[in-house]
> 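Would you mind keeping the following structure in view while I ask a few things?
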Amino acid sequence: MKFTIVTAIVSFAARLVSSHYTFPDLVVGSTATADYQYVRMTDNHYSRNPVTDVTSPLMKCYETNTASATSTYTVAAGSTIGFKADQAIYHQGYLDIYMAKASPTANTESAGSGKVWFKVAEWVPTWTKANGFTFPSMNVQTFTFTIPSCIPAGQYLVRIEHIALHAASTYGGAQLYIACGQINVTGGGSTSPSNLVAFPGAYTGNEPGILLNIYSPPANYAGYTAPGPAKFTC
């Protein structure tokens, strides 16, 4: 009996971990780089557990001491880059990507502090009363976007964030899977993005796109509202 109980617990834990994911690979063009070569190794690289406290310092990049060990990839403005997860996204949710001008450099822990982040891409759930939700990020493993061609040259952090909503009907139930890549942008222009936010600080956890029962939306529900600022465009 003891063996059966222990086996069941281990089996459940393995299934739970397998439903979680990380984003270890930077994608440039259509090519994924090596695990954690240009992406800061996250604190959950073994556990794969999410962040659930939106006020936590881990909201920035989900790490505290791996910036200096991470390389910085040089890429031209207007290029296609992104992230590859270690498995296809399993949970229903909303996915976005932010960038931040890095000061002093991308491989310093202080980079990305304060209101410096601007949204550059998002995969927004859709909803209809007849059919419910559709989640465009679900069952997808690679997420790419075009670096805005008008932003100034220099070093940047690129932050991916998937907000899993399968347990988000109560405060703190949303699960955030986060990672940051380090890049050096060449070319570009002279436009400084607006609508800048900080991580932590961008969310309270009460946003309708974070605190939401996707299985039973309110009677007057009109559709998903993405958290954070509007996406920056040149």
Side-chain angles (χ1 to χ4, degrees), residues 21-42 59-63 66-86 89 94-124 136-137 140-163 176-199 202 226-234:
Y21 29 87
T22 60
F23 297 96
D25 303 341
L26 184 72
V27 175
V28 182
S30 59
T31 302
T33 57
D35 288 2
Y36 299 114
Q37 182 179 8
Y38 299 101
V39 175
R40 295 180 178 183
M41 183 176 285
T42 50
M59 280 291 292
K60 186 172 75 169
C61 291
Y62 208 162
E63 57 78 40
T66 62
S68 62
T70 307
S71 299
T72 300
Y73 196 103
T74 296
V75 61
S79 298
T80 298
I81 66 168
F83 293 84
K84 182 180 178 182
D86 60 354
I89 296 296
Y94 164 76
L95 188 140
D96 56 26
I97 300 178
Y98 284 80
M99 292 180 64
K101 193 73 181 295
S103 178
T105 59
N107 68 346
T108 54
E109 285 297 337
S110 61
S113 299
K115 290 187 176 182
V116 293
W117 295 94
F118 55 99
K119 188 184 294 184
V120 291
E122 58 184 345
W123 287 254
V124 183
S137 60
V140 179
Q141 189 171 5
T142 300
F143 301 89
T144 60
F145 72 100
T146 301
I147 299 173
S149 59
C150 62
I151 62 173
Q155 296 196 8
Y156 287 81
L157 295 182
V158 187
R159 176 185 179 275
I160 190 168
E161 166 188 81
H162 185 247
I163 304 176
L176 291 90
Y177 298 88
I178 300 164
C180 287
Q182 299 179 176
I183 63 172
N184 178 44
V185 175
T186 61
S190 58
T191 301
S192 296
S194 55
N195 295 325
L196 302 178
V197 296
F199 290 106
K231 184 178 72 171
F232 169 77
T233 56
C234 290

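Position 1 is the first residue of the sequence, and the numbers go up from there. Note that the structure is a prediction, hence the values are computed from the model and not measured.
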> Salt-bridged, R40 to E63, with N to O below 4.0 Å?
yes
> Nearest heavy-atom pair of S110 and S103: which atoms, and what distance?
OG-O, 3.8 Å
> Just one of V158, V197, L157, V120 clears the side-chain contact (heavy atoms from CB on, under 4.5 Å) bar with Y98, so which one?
V197
> With sequence neighbours excluded, tell me which residues meet side chain to side chain contact (heavy atoms under 4.5 Å, CB included) with N195.
P229
> Looking only at heavy atoms, which two atoms of C234 and P148 are closest? And how far apart?
SG-CB, 3.6 Å
> Which atom names give the shortest non-hydrogen contact between W117 and G112, and what distance separates them?
NE1-O, 2.8 Å
> Quick one, H162 with Y21, criterion ring-ring contact (aromatic ring centres under 6.0 Å, His included). Give me CA distance, side-chain angles, the key distance, then yes/no.
CA-CA 10 Å; H162 185 247; Y21 29 87; 5.7 Å; yes
> Just how far is it from atom OH of Y156 to atom OG1 of T105, taken to the nearest 0.5 Å?
14.5 Å
> Between T66 (side chain) and M41 (backbone), is there a donor-acceptor pair under 3.5 Å?
yes
> Can you find a pair of side-chain heavy atoms, one from R159 and one from K60, that are under 4.5 Å apart?
no
> For the backbone of A106 and the side chain of Q155, can you confirm whether one donor and one acceptor N or O come within less than 3.5 Å of each other?
yes
> Would you say that I89 contacts F143 through its side chain, given a criterion of any heavy-atom pair below 4.5 Å between the two side chains?
yes
> Looking only at heavy atoms, which two atoms of I163 and P227 are closest? And how far apart?
CD1-CG, 3.8 Å
> Would you say K101 has more than 12 foreign heavy atoms packed within less than 6.0 Å of its NZ?
yes
> Any side-chain heavy atom of E161 within less than 4.5 Å of one from L176?
yes
> From the options V39, L95, I178, select the one residue that forms a side-chain contact (heavy atoms from CB on, under 4.5 Å) with I160.
L95
> Passes side chain to side chain contact (heavy atoms under 4.5 Å, CB included), M99 versus I147? Steps please.
CA-CA 9 Å; M99 292 180 64; I147 299 173; 4.3 Å; yes
> Roughly how far, to the nearest 0.5 Å, is CG of L26 from OG1 of T72?
10.5 Å
> Does any part of the side chain of D35, heavy atoms only, come nearer than 4.5 Å to the side chain of D25, both counted from C-beta?
yes
> Within a strict 4.5 Å, meaning less than it, do heavy atoms of the C150 and P193 side chains meet?
no
> Please report the shortest heavy-atom distance between A121 and W123, naming the atom on each side.
CB-CZ3, 3.8 Å
> Can you tell me how far apart OG (S194) and CZ (F118) are? Round to the nearest 0.5 Å.
10.0 Å
> Side-chain donor-acceptor pair under 3.5 Å between T70 and N107, yes or no?
no
> Enter the distance from Y73:OH to I81:CD1 here, rounded to the nearest 0.5 Å.
10.0 Å
> Calculate, to the nearest 0.5 Å, the distance between atoms OG1 and CZ belonging to T144 and F83 respectively.
11.5 Å
> Measure the spacing between CD1 of I151 and OG of S190 and express it to the nearest 0.5 Å.
11.5 Å
> Which heavy atom in T108 sits nearest to a heavy atom in P104, and how many Å separate them?
OG1-CD, 3.4 Å
> So do the side chains of F232 and L196 get within less than 4.5 Å of each other, counting heavy atoms only?
no
